[in-house]
Visitor: 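I am attaching a structure below and will ask some questions about it afterwards.
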Amino acid sequence: MTVKTGDVLPNAVLTYIPYDAQNPDACGLPQQLKTHEAFKGKKVVLFAVPGAFTPTCSEAHMPEYVERIGELKSKGADIVACVASNDQFVMHAWGNSYKVKDDILMLSDANGEFGSALGLVNDGTSRRMGPIRLARFAMIIDDLKVIYVGVESAPGVTVSGAAAVLAKL
């Protein structure tokens, strides 16, 4: 079943590497993020990409969020997070390449458990990207309740982009 507006976000464990302002080029130790603990009582903008460093993700999806992070925060987002099927080290490196610091949490769903619980995974084997890849989507979550979900049905970034999310915040 695919997540929809009004649903409670599934409780899942994602991983990330926190930004370290003292040593910004270092790759720290992976940490767990439990969605129900981290997102409870918060307004969260969560966007998902099939893969870090891939063309559409790197040329269209991530840059728009980086560019509009201030607007997202000023319209009430407590947390802005990006999640992908890559491991936490790749997500950390991708975030560093955009200098997101701790403005955008770079989350890993490497085993596809979160995406599978949402019903938002695709099979990437035909593109040599593995059997479980996150779909391209964005959500607004308010105190664990999904209040917006935009899933891309074709290549490109429309309903999952920062502009679409801003219109719903």
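Below, all heavy atoms of this structure are taken into account, side chains as well, without hydrogens, waters or symmetry copies.
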Visitor: CG/Leu118 to CD/Glu113 distance, rounded to the nearest 0.5 angstrom?
Guide: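 With rounding to 0.5 Å, CG (Leu118) is 12.0 Å from CD (Glu113).
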
Visitor: Do Leu33 and Val8 share a hydrophobic cluster, counting only Ile, Leu, Val, Met, Phe, Trp and Tyr and linking them when any side-chain heavy atoms are less than 4.5 Å apart?
Guide: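 Both belong to a single hydrophobic cluster.
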
Visitor: Starting at CG of Asn111, measure out to CG of Asp109 and round the result to the nearest 0.5 Å.
Guide: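 Reported to 0.5 Å precision, the distance equals 7.5 Å.
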
Visitor: Starting at CZ of Phe137, measure out to NE2 of His61 and round the result to the nearest 0.5 Å.
Guide: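 Those atoms lie 9.5 Å apart.
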
Visitor: Looking at Lys145 and Asp142, does any basic side-chain N land under 4.0 Å from a carboxylate oxygen?
Guide: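 A salt bridge is absent here (no side-chain N lies under 4.0 Å from a carboxylate O).
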
Visitor: For Ala84 and Met91, which heavy atoms make the closest approach, and how far apart are they?
Guide: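 Distance-wise, the nearest heavy atoms are CB-SD, 3.5 Å.
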
Visitor: Would you find a donor on one side and an acceptor on the other, under 3.5 Å apart, between the side chain of Ser108 and the backbone of Asn86?
Guide: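 Looks like yes, one N/O pair under 3.5 Å.
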
Visitor: If every non-hydrogen atom of Thr35 is compared with every non-hydrogen atom of Leu14, which pair is closest and at what distance?
Guide: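 In terms of heavy atoms, the two residues are closest at CG2-CD1, 4.0 Å.
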
Visitor: Who are the side-chain contact (heavy atoms from CB on, under 4.5 Å) partners of Val159, not counting sequence neighbours?
Guide: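 Testing Val159 for side-chain contact (heavy atoms from CB on, under 4.5 Å), a comparison that skips the adjacent residues, returns Tyr148, Glu152.
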
Visitor: Are Ile79 and Lys43 side-chain neighbours, meaning at least one heavy-atom pair lies under 4.5 Å?
Guide: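 Result no, sub-4.5 Å side-chain heavy-atom pair not found.
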
Visitor: Is any side-chain heavy atom of Ile17 less than 4.5 Å from a side-chain heavy atom of Phe89?
Guide: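 Contact flag for Ile17/Phe89 side chains = yes.
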
Visitor: Supply the atom-to-atom distance Ser160 OG to Leu46 CG, rounded to the nearest 0.5 angstrom.
Guide: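 Result: 11.0 Å between the selected atoms.
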
Visitor: Tell me the ring-ring contact (aromatic ring centres under 6.0 Å, His included) pairs involving residues 14-37, sequence neighbours left out?
Guide: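 For residues 14-37, and leaving out neighbouring residues, there are no ring-ring contact (aromatic ring centres under 6.0 Å, His included) pairs at all.
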
Visitor: Work out which heavy atom in Tyr65 is nearest to a heavy atom in Ala138; give both atom names and the distance.
Guide: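 The pair with the smallest heavy-atom distance is OH-CB, 3.6 Å.
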
Visitor: Suppose we screen for side-chain contact (heavy atoms from CB on, under 4.5 Å). Which residues come up paired with Ser85, at least two apart in sequence or across chains?
Guide: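 Testing Ser85 for side-chain contact (heavy atoms from CB on, under 4.5 Å), a comparison that skips the adjacent residues, returns Arg133, Leu134.
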
Visitor: Please determine whether residues Val149 and Val157 belong to a single hydrophobic cluster, defined as Ile, Leu, Val, Met, Phe, Trp and Tyr linked transitively by side-chain heavy-atom distances below 4.5 Å.
Guide: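 No, separate clusters.
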
Visitor: Kindly give the heavy-atom pair with the smallest separation between Ser116 and Gly112, and that separation in Å.
Guide: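 Nearest pair, atom of Ser116 first, then Gly112: OG-O, 2.7 Å.
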
Visitor: Please examine the side chains of Trp94 and Val100, heavy atoms only from C-beta on, and report whether any two atoms are closer than 4.5 Å.
Guide: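 Val100 does not reach Trp94 side chain to side chain.
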
Visitor: Step by step, work out the side chain to side chain contact (heavy atoms under 4.5 Å, CB included) result for Val90 and Phe53.
Guide: CA-CA 9 Å; Val90 170; Phe53 295 107; 4.1 Å; yes

Visitor: Provide the closest heavy-atom pair for Met62 versus Cys82 in the form atom of the first, atom of the second, distance.
Guide: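 The pair with the smallest heavy-atom distance is CE-SG, 4.1 Å.
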
Visitor: Applying side-chain hydrogen bond (donor to acceptor under 3.5 Å, both in side chains), name anything that partners His92, two or more places apart in sequence or on another chain.
Guide: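 Listed in chain order: Asn96.
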
Visitor: Indicate if Leu107 and Val146 have the same hydrophobic cluster label, given that clusters are the connected sets of ILVMFWY residues with side-chain heavy-atom separations under 4.5 angstrom.
Guide: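 Yes.
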
Visitor: What distance separates Thr15 OG1 from Met106 CE, expressed to the nearest 0.5 Å?
Guide: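 CE of Met106 is found 12.0 Å from OG1 of Thr15.
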
Visitor: Looking at side-chain heavy atoms only, is the closest gap between Glu37 and Asn11 below 4.5 Å?
Guide: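 No, side chains not in contact.
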
Visitor: Of all the heavy-atom pairs spanning Ala12 and Phe114, show the shortest one and how long it is.
Guide: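 Between these two residues, the closest heavy atoms are CB-CD1, 3.5 Å.
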
Visitor: Heavy atoms, side chains only, cut-off 4.5 Å: are Leu169 and Leu72 in contact?
Guide: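 Of all side-chain heavy-atom pairs linking Leu72 with Leu169, at least one is under 4.5 Å.
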
Visitor: Hey, any chance Val44 and Leu9 share a hydrophobic cluster, counting ILVMFWY side chains that come within less than 4.5 Å of each other, even indirectly?
Guide: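 Cluster IDs for Val44 and Leu9 match.
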
Visitor: Under the side-chain contact (heavy atoms from CB on, under 4.5 Å) rule, collect the residues that match up with Ala117, sequence neighbours excluded.
Guide: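 With neighbours one apart ignored, the set is Pro10.
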
Visitor: Does some side-chain heavy atom of Arg136 sit less than 4.5 Å from a side-chain heavy atom of Val49?
Guide: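 Side chain of Val49 against side chain of Arg136, heavy atoms only: contact under 4.5 Å found.
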
Visitor: Determine whether Asp103 and Val80 satisfy the following criterion, side chain to side chain contact (heavy atoms under 4.5 Å, CB included), listing intermediate values before the conclusion.
Guide: CA-CA 7 Å; Asp103 291 331; Val80 177; over 6 Å; no

Visitor: For the backbone of Gln22 and the side chain of Asp20, can you confirm whether one donor and one acceptor N or O come within less than 3.5 Å of each other?
Guide: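 Such a contact is found between Asp20 side chain and Gln22 backbone.
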
Visitor: Could you walk me through whether Val3 and Met139 pass the side chain to side chain contact (heavy atoms under 4.5 Å, CB included) check?
Guide: CA-CA 10 Å; Val3 68; Met139 295 182 166; 3.3 Å; yes

Visitor: Just how far is it from atom CG of Asp7 to atom CD1 of Ile141, taken to the nearest 0.5 Å?
Guide: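 Here the rounded value is 11.5 Å.
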
Visitor: Can you list every pair that meets salt bridge (charged side-chain N to carboxylate O under 4.0 Å, His left out) and has a residue in residues 69-88, with sequence neighbours left out?
Guide: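 Counting only pairs at least two positions apart or across chains, the salt bridge (charged side-chain N to carboxylate O under 4.0 Å, His left out) contacts touching residues 69-88 are Arg68-Glu71.
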
Visitor: Following the transitive rule for hydrophobic clusters with a side-chain heavy-atom cut-off under 4.5 Å over Ile, Leu, Val, Met, Phe, Trp and Tyr, establish whether Leu166 and Ile147 coincide in one cluster.
Guide: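 Same hydrophobic cluster.
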
